[in-house]
Protein chains: 2
Amino acid sequence: MKNSIRRQKLLHAAERLFLCRGFASVSTTDIAREAGCNHALIHYYFGNKEDLFREVFLEKIRQILTTLMNYLEIERPIFEQTDKFIDAYFDLLTANPNLPFFIINELTLNAERRRYLRVNFVDKPITREVYQRVDMMIKKEIEQGNIRPIEPKDLLLDIAGVTVFSFIAVPAYRDFITDDADSLNLFLADRRQEAKLLIRRGLLPL
Amino acid sequence: MKNSIRRQKLLHAAERLFLCRGFASVSTTDIAREAGCNHALIHYYFGNKEDLFREVFLEKIRQILTTLMNYLEIERPIFEQTDKFIDAYFDLLTANPNLPFFIINELTLNAERRRYLRVNFVDKPITREVYQRVDMMIKKEIEQGNIRPIEPKDLLLDIAGVTVFSFIAVPAYRDFITDDADSLNLFLADRRQEAKLLIRRGLLPL
DNA sequence: TCACTTTTTAACAAATTTGTTAAAAATTTT
DNA sequence: AAAATTTTTAACAAATTTGTTAAAAAGTGA
């Protein structure tokens with residue numbers, strides 16, 4: 001039952017729709033239609049809409065963290081690392097442009113509920129792993145005076161901020177340009193370069 | 001009628017609720033209850049839920065842009081400017097922590113509808129004004145070799161990214177710490193410093 | 001005060017949403 | 001093939017949501 005093909009179809013449909021429109025704007029009937037079945041099946045397989053959403057959400061987060069973590073190889077020089085990490089972010093977001101919306105939505109809307117249920121949206125072991133890798137990566141670079149002192153959380157948030165925000169800004173950017181894909185791709189390619197440059201220079205010691 | 005006290009109450013109630021929960025999760029009945037009246041009044045004053053939302057949204061955006069623009073005085077030295085601008089962002093977001101959620105939500109969900117209706121969410125004159133001020137601000141600094149070449153849009157997005165993302169990360173950060181206000185304030189104060197530093201150094205010429 | 005206008009509500013309608021249930025259909029086991 | 005089990009659906013129910021409308025209530029000017 002856990003591996004049922006219909007169950008998988010429902011998960012995919014749900015992921016697609018939740019990512020586009022968010023939890024509240026997608027009905028179980030929508031999802032069932034997309035998966036080609038009756039909406040009662042959602043309750044059969046997942047109990048209710050919320051539990052289905054939770055499953056989709058946690059899996060997506062896990063996916064992201066795993067993908068990003070694979071880009072962190074401790075041995076390489078720091079600026080090669082930050083560049084690669086920014087590339088990883090940009091590629092991930094190019095493939096899933098609505099990810100920021102999806103995550104921020106859940107983070108904001110269900111913050112209290114999650115806290116009450118003691119369900120953390122993040123997979124702590126993976127997050128800790130990411131954190132520790134970054135910590136090891138920058139520690140020696142700081143000691144050697146290659147970069148200024150900085151905490152892992154700040155480096156991670158700085159990189160996430162400049163990259164994610166480039167994608168968040170896309171709809172606003174569209175208001176200003178004639179709407180063609182080329183110009184958008186150019187914009188994102190520019191932003192990618194700028195992000196790398198900003199982080200590289202922003203880390204330099206004085 | 002445009003200045004009716006009830007109309008104002010409805011606008012405030014709508015703003016409060018939409019900011020907390022987003023368009024889809026707030027019903028007209030919720031808003032009316034919050035404003036202490038019958039939900040038919042919403043249709044009387046605003047036509048429908050969407051038009052009410054649009055009014056709330058546009059006003060909020062206008063507010064933000066105006067606030068931020070007041071921080072841009074062309075004559076002051078560039079790094080004083082960036083610091084002040086980051087402060088402005090942090091203060092704004094401290095007062096309205098759900099603003100990123102609110103705006104990203106609308107940007108993402110209604111992108112197509114807005115485009116179709118040719119309703120831009122941004123007030124173009126104000127945005128252009130901001131853009132031009134920044135342009136003037138950095139142009140001479142670049143010529144004088146005080147900062148590296150950078151486009152206004154990149155500077156604006158870099159600053160917005162590192163600041164806004166600090167607030168977006170708050171709910172996730174909460175999952176890791178014992179939940180007390182002091183530690184959160186400390187986190188945000190740290191992020192404010194880090195943002196200023198990153199932008200300062202990230203702009204330096206090599 | 002009285003006619004007139006504006007504001008507000010109660011009652012209703014249509015559509016949608018989540019969830020249940022009993023039974024049909026399909027699949028597996030014996 | 002018959003029995004047992006699993007998967008799927010149709011039909012239904014309760015709650016909610018947006019919006020309409022007719023009339024009540026409040027306010028205004030003559």
Side-chain angles (χ1 to χ4, degrees), chain A residues 1-58 101-102 105-106 109-110 112-114 116-117 119, chain B residues 1-58 102 105-106 108-110 112-114 116-117 119:
Chain A
M1 169 158 169
K2 273 279 172 190
N3 299 10
S4 147
I5 194 160
R6 248 312 150 49
R7 198 175 184 283
Q8 294 301 322
K9 272 196 180 176
L10 281 168
L11 276 173
H12 283 133
E15 179 183 326
R16 228 187 57 75
L17 292 177
F18 283 143
L19 266 164
C20 283
R21 287 152 46 191
F23 180 81
S25 309
V26 173
S27 75
T28 51
T29 318
D30 291 336
I31 299 170
R33 192 186 311 120
E34 178 98 357
C37 66
N38 189 285
H39 80 279
L41 264 200
I42 287 178
H43 300 95
Y44 178 67
Y45 281 118
F46 304 96
N48 58 41
K49 183 183 170 187
E50 203 166 309
D51 287 349
L52 166 57
F53 180 82
R54 196 194 320 282
E55 188 160 336
V56 169
F57 186 79
L58 291 176
F101 155 75
F102 180 66
N105 230 1
E106 170 63 10
L109 285 181
N110 299 327
E112 312 81 34
R113 183 168 51 81
R114 276 191 303 105
Y116 174 68
L117 295 174
V119 177
Chain B
M1 169 160 169
K2 274 277 172 190
N3 300 11
S4 148
I5 194 160
R6 249 310 151 53
R7 199 176 183 282
Q8 293 302 322
K9 272 196 181 178
L10 281 169
L11 277 173
H12 282 134
E15 179 182 324
R16 228 186 58 75
L17 291 177
F18 283 143
L19 266 164
C20 284
R21 287 154 43 192
F23 180 81
S25 309
V26 173
S27 75
T28 51
T29 317
D30 290 337
I31 299 170
R33 191 185 313 121
E34 178 98 358
C37 65
N38 189 287
H39 80 278
L41 263 200
I42 287 177
H43 300 95
Y44 178 68
Y45 280 119
F46 303 97
N48 57 39
K49 184 184 169 185
E50 202 167 309
D51 287 349
L52 166 57
F53 181 83
R54 195 194 323 281
E55 188 160 334
V56 169
F57 186 79
L58 291 175
F102 180 65
N105 232 1
E106 170 62 10
T108 308
L109 286 182
N110 299 327
E112 313 82 34
R113 183 170 50 81
R114 276 191 302 107
Y116 175 69
L117 295 174
V119 176

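Worth knowing before you read on, the calculation uses all heavy atoms, side chains too, and leaves out hydrogens, waters and symmetry mates.
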Identify all pairs in which a protein N or O lies below 3.5 Å from an N or O of nucleotides 16-19 of chain D, and state each distance.
{"residue": "dT18(D)", "atom": "OP1", "partner": "K49(B)", "partner atom": "NZ", "Å": "2.9"}
{"residue": "dT18(D)", "atom": "OP2", "partner": "T28(B)", "partner atom": "N", "Å": "2.9"}
{"residue": "dT18(D)", "atom": "OP2", "partner": "T28(B)", "partner atom": "OG1", "Å": "3.0"}
{"residue": "dG19(D)", "atom": "OP2", "partner": "H43(B)", "partner atom": "NE2", "Å": "3.2"}
{"residue": "dG19(D)", "atom": "OP2", "partner": "K49(B)", "partner atom": "N", "Å": "3.2"}
{"residue": "dG19(D)", "atom": "N7", "partner": "H39(B)", "partner atom": "NE2", "Å": "3.0"}
{"residue": "dG19(D)", "atom": "O6", "partner": "H39(B)", "partner atom": "NE2", "Å": "3.1"}

Legend entry - Axis-to-axis angle between the two ends of the helix from dT1(C)-dA30(D) to dT30(C)-dA1(D) (five base pairs per end, rounded to 10 degrees):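 Axis angle across the helix from dT1(C)-dA30(D) to dT30(C)-dA1(D), nearest 10°: 0°.
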Inset, instruction - Give the rounded distance in Å between these two atoms: CG of L10(B) and P of dT7(C). - result: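 Distance, rounded to whole Å: 13 Å.
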Inset, instruction - Can you tell me the distance, in whole Å, between the CG atom of L41(A) and the C1' atom of dT21(C)? - result: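 In whole Å, dT21(C) C1' lies 14 Å from L41(A) CG.
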Say you draw a straight line from [atom1] of [X] to [atom2] of [Y]; how long is it, rounded to the nearest 0.5 Å?
X: F57(A); Y: L52(A); atom1: CZ; atom2: CG; result: 13.5 Å
X: E15(A); Y: F53(A); atom1: CD; atom2: CZ; result: 11.0 Å
X: K49(B); Y: F18(B); atom1: NZ; atom2: CZ; result: 5.5 Å

Legend entry - Under 4.0 angstrom between R6(A) side-chain N/O and dT7(D) OP1 or OP2: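 False: R6(A) side-chain N/O out of range (4.0 Å or more) of dT7(D) OP1/OP2.
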Legend entry - Presence of N38(A) side-chain N/O under 4.0 Å of dT8(D) phosphate oxygens OP1/OP2: no
Distance-only donor-acceptor pairs under 3.5 Å for side chains of residues 37-45 of chain A, two or more places apart:
{"residue": "N38(A)", "atom": "OD1", "partner": "A40(A)", "partner atom": "N", "Å": "2.8"}
{"residue": "Y45(A)", "atom": "OH", "partner": "S4(A)", "partner atom": "OG", "Å": "2.9"}

Legend entry - Partner residues of R6(A) under the side chain to side chain donor-acceptor pair (under 3.5 Å) criterion, sequence neighbours left out: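 Result, side chain to side chain donor-acceptor pair (under 3.5 Å) vs R6(A): none returned.
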Inset, instruction - Output every pair passing salt bridge (Lys or Arg N to Asp or Glu O under 4.0 Å) with a member in residues 21-32 of chain A, not counting sequence neighbours, ordered by first then second residue. - result: R21(A)-D30(A), D30(A)-R33(A)
Inset, instruction - Determine the contact category for Y45(A): base if any of its heavy atoms lies under 4.0 Å from a base atom, sugar-phosphate if only primed atoms, P, OP1 or OP2 are that close, otherwise nothing. - result: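 It contacts sugar-phosphate atoms only.
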Legend entry - Shortest non-hydrogen separation from G22(B) to N105(B) and the atoms involved: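 Smallest heavy-atom distance, with atoms named: CA-ND2, 4.0 Å.
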Legend entry - Partner set under ring pair (Phe, Tyr, Trp, His ring centres under 6.0 Å) for F46(A), not counting sequence neighbours: none
Legend entry - Closest listed nucleotide, where the reference is the side chain of C37(A) and the choices are dT7(D), dT9(D), dT8(C): dT9(D)
Inset, instruction - Looking only at side-chain atoms of Y44(A), point me to the closest of dT7(D), dT6(C), dT9(C). - result: dT7(D)
